[in-house]
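As C-alpha cells, the structure follows; a few thoughts come after it.
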Amino acid sequence: MTMRRTATAMILGGLVGCASTPPPATSALAADSSSAPGPASATTSVPPVASAPPAAPVVPTGGSVMIGDINAPKGFKPKPVIDALAGDLVHCYDEARAVTPDLRGKVTLRILINEAGAVLSVDAEPGGHANDPGLVSCVNDLMKASAHFPKPGGTATVLAPLVFRP
C-alpha cells in the first residue's frame with residue numbers, strides 16, 4: 001500500500017508540475033520556426049477572430065414625389081429645373097426614411113436663388129408632415145450642387161410644395 005501511495009504521489013506531483021510550467025514564449029517559437037522547417041514551423045498563434053462591421057442602415061426604395069404649383073416671381077420659371085431633380089429628391093426622401101420610416105406627406109421648400117441662377121439656400125416652411133431636418137438638409141445639398149436655374153433678374157425666393165409618398 002505504501003508503494004502504491006508513493007506512485008500516486010509521484011504521478012500527481014508530475015501533473016501538478018506540468019500544469020504550473022509556463023508555455024514557451026512566442027518569440028522563442030518564432031525564432032525556432034524560422035530556423036528549422038517542419039512541425040515546429042507549423043506551430044503558430046491563432047489570430048483573433050475579427051468581428052463583422054456594423055450593418056449599415058437599409059435605405060428604403062420606391063418613394064415618390066409630387067411637385068405642386070411653384071410660387072415664383074413673375075416671369076421666372078423654376079419648375080422645369082425642379083422637375084428635372086425629381087429622381088434625386090426621391091433619393092433624399094428614401095435616405096431620410098432610413099432614419100424616420102414613417103416619413104411622408106407635404107413639405108414646402110423656400111429656395112433662395114441668386115442673380116446668376118445658383119441656389120444659395122433651401123429651407124422648409126413651418127408645418128407639413130414631411131418637414132424633416134435630414135430630408136431638407138439633403139435637398140439643400142442637392143440643389144446647391146446640381147440645380148442651376150435661369151437668371152431671375154436679381155435674387156429670387158421660390159416656394160415649392162412637395163408631397164412625398166413611400
Side-chain angles (χ1 to χ4, degrees), residues 23 25-35 37 40-166:
T26 307
S27 60
L29 283 177
D32 288 344
S33 66
S34 64
S35 62
S41 65
T43 306
T44 59
S45 62
V46 178
V49 176
S51 61
V58 176
V59 175
T61 59
S64 65
V65 62
M66 291 176 24
I67 301 168
D69 292 331
I70 296 172
N71 185 355
K74 188 175 182 177
F76 183 57
K77 307 286 185 215
K79 186 153 174 58
V81 175
I82 296 172
D83 284 342
L85 294 172
D88 293 322
L89 293 170
V90 169
H91 179 74
C92 284
Y93 171 61
D94 287 340
E95 284 186 351
R97 284 194 307 149
V99 177
T100 310
D102 293 334
L103 183 63
R104 63 186 49 134
K106 182 179 178 181
V107 62
T108 300
L109 300 176
R110 185 179 345 104
I111 307 165
L112 182 60
I113 302 165
N114 71 11
E115 60 279 347
V119 175
L120 297 173
S121 66
V122 178
D123 296 305
E125 290 286 293
H129 294 289
N131 190 350
D132 178 79
L135 173 61
V136 175
S137 175
C138 181
V139 171
N140 179 56
D141 294 345
L142 164 71
M143 288 197 167
K144 282 183 175 180
S146 302
H148 189 74
F149 291 91
K151 293 179 181 179
T155 59
T157 300
V158 173
L159 295 177
L162 307 176
V163 177
F164 291 100
R165 295 184 187 155

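Note that the coordinates shown come from a computational prediction; the quantities given were computed from them, not determined experimentally. All heavy atoms count here, side chains included; hydrogens, waters and symmetry mates do not.
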Practice prompt. Kindly compute the distance separating OG1 (Thr157) from CG (Asp123), expressed to the nearest 0.5 Å.
Written response: 10.0 Å
Fill in: Reported NZ-to-CG distance for the pair Lys151 and Asn114, which is rounded to 0.5 angstrom
10.0 Å
Worksheet item: Can you tell me how far OG of Ser64 sits from CG of Asp94, rounded to the nearest 0.5 angstrom?
Response: 9.0 Å
Item to complete: May I have the step-by-step check of side-chain contact (heavy atoms from CB on, under 4.5 Å) for Leu103 and Phe164, ending in yes or no?
Response: CA-CA 8 Å; Leu103 183 63; Phe164 291 100; over 6 Å; no
Practice prompt. Heavy atoms only: give me the nearest Pro152-Gly117 pair and the separation to one decimal.
Written response: CD-N, 4.1 Å
Item to complete: To the nearest 0.5 Å, tell me how far Lys106 NZ sits from Leu162 CG.
Response: 9.5 Å
Worksheet item: Which heavy atom in Leu85 sits nearest to a heavy atom in Ala147, and how many Å separate them?
Response: CD1-CB, 3.8 Å
Discussion item. Looking at every heavy atom in both Arg110 and Glu125, which two are closest together, and how far apart are they?
Written reply: NE-OE2, 2.5 Å
Item to complete: Over all heavy atoms of both residues, which pair between Tyr93 and Arg165 is shortest? Give the atoms and the distance, please.
Response: CE2-O, 3.3 Å
Worksheet entry | NZ (Lys79) with more than 12 external heavy atoms under 6.0 Å | yes
Practice prompt. To the nearest 0.5 Å, tell me how far Ile70 CD1 sits from Ile111 CD1.
Written response: 7.0 Å
Less than 3.5 Å apart, which donor and acceptor atoms pair up between the side chains of residues 132-145 and the rest of the protein, not counting sequence neighbours?
unit_1 : atom_1 : unit_2 : atom_2 : d
Asp132 : OD2    : Gly134 : N      : 3.1
Asp132 : OD2    : Leu135 : N      : 3.0
Asn140 : OD1    : Val122 : N      : 2.9
Lys144 : NZ     : Leu120 : O      : 3.4

Discussion item. Nearest 0.5 Å, please: how far is CD1 in Ile82 from CG in Leu109?
Written reply: 7.5 Å
Fill in: Atom NE2 of His148: over 12 foreign heavy atoms under 6.0 Å
yes
Worksheet, complete the sentence: Correct closest heavy-atom pair for Pro166 and Arg97 would be CB-NH1, 3.1 Å
Worksheet item: Between Phe76 and Phe149, what is the ring plane arrangement, given parallel below 30°, perpendicular above 60°, and tilted in between?
Response: tilted
Discussion item. If you compare all heavy atoms of Val90 against all heavy atoms of Gly63, which two are closest, and at what distance to 0.1 Å?
Written reply: CG1-O, 3.2 Å
